[in-house]
Amino acid sequence: MVKLRLKRCGRKQRAVYRIVAIDVRSRREGSEIRKVGFYDPIKNQTYLNIPAILYFLQKGAQPTRTVHDILNKAEVFK
């Protein structure tokens, strides 16, 4: 099963996250299938590759709660 979830990047006390499509059995920093977005909580910036996200959602990928909230904020589900 594939999930859309956050992958932590950046340095200590300055986390930046990539939104990735990844197999459920992989670790948080494991190898992802594809990078589909970027989220910086400190600067409150978000970049989303909407066609790639919609592709994975149509194929049955499940977003985590945090990614779901980010996608709701960006009005991807409308």
Can you confirm whether [X] sits close enough to [Y] that some side-chain heavy atom of one is under 4.5 Å from a side-chain heavy atom of the other?
| X | Y | result |
| --- | --- | --- |
| Pro41 | Tyr17 | yes |
| Arg5 | Ile19 | no |
| Leu48 | Val36 | no |

Q: Please assess Arg34 against Asn49 for the test side-chain contact (heavy atoms from CB on, under 4.5 Å), listing each intermediate value before the final yes or no.
A: CA-CA 11 Å; Arg34 185 165 178 198; Asn49 185 350; 3.6 Å; yes

Interatomic spacing from [atom1] in [X] to [atom2] in [Y] - rounded to 0.5 Å:
| X | Y | atom1 | atom2 | result |
| --- | --- | --- | --- | --- |
| Lys35 | Cys9 | NZ | SG | 7.5 Å |
| Lys7 | Ser26 | NZ | OG | 9.0 Å |
| Ile22 | Ser31 | CD1 | OG | 6.5 Å |

If Ile, Leu, Val, Met, Phe, Trp and Tyr residues are connected whenever their side-chain heavy atoms lie under 4.5 Å apart, and connections chain through other members, are [X] and [Y] in the same group?
| X | Y | result |
| --- | --- | --- |
| Phe56 | Tyr39 | yes |
| Ile33 | Leu54 | yes |
| Leu4 | Val2 | yes |
| Phe38 | Ile42 | no |
| Ile50 | Tyr55 | yes |

Q. Is it true that atom CZ of Arg65 has more than 12 heavy atoms of other residues, nucleotides or ligands lying nearer than 6.0 Å?
A. no

**Q.** Closest approach of Arg8 to Gln13 (non-hydrogen atoms, all atoms of both residues)
**A.** NH2-N, 4.4 Å

Q: Taking all non-hydrogen atoms of both residues into account, name the closest pair between Ile53 and Leu71 and its distance.
A: CD1-CD2, 3.8 Å

Q. Would Arg18 and Asp40 pass as an ion pair if we require N to O under 4.0 Å?
A. no

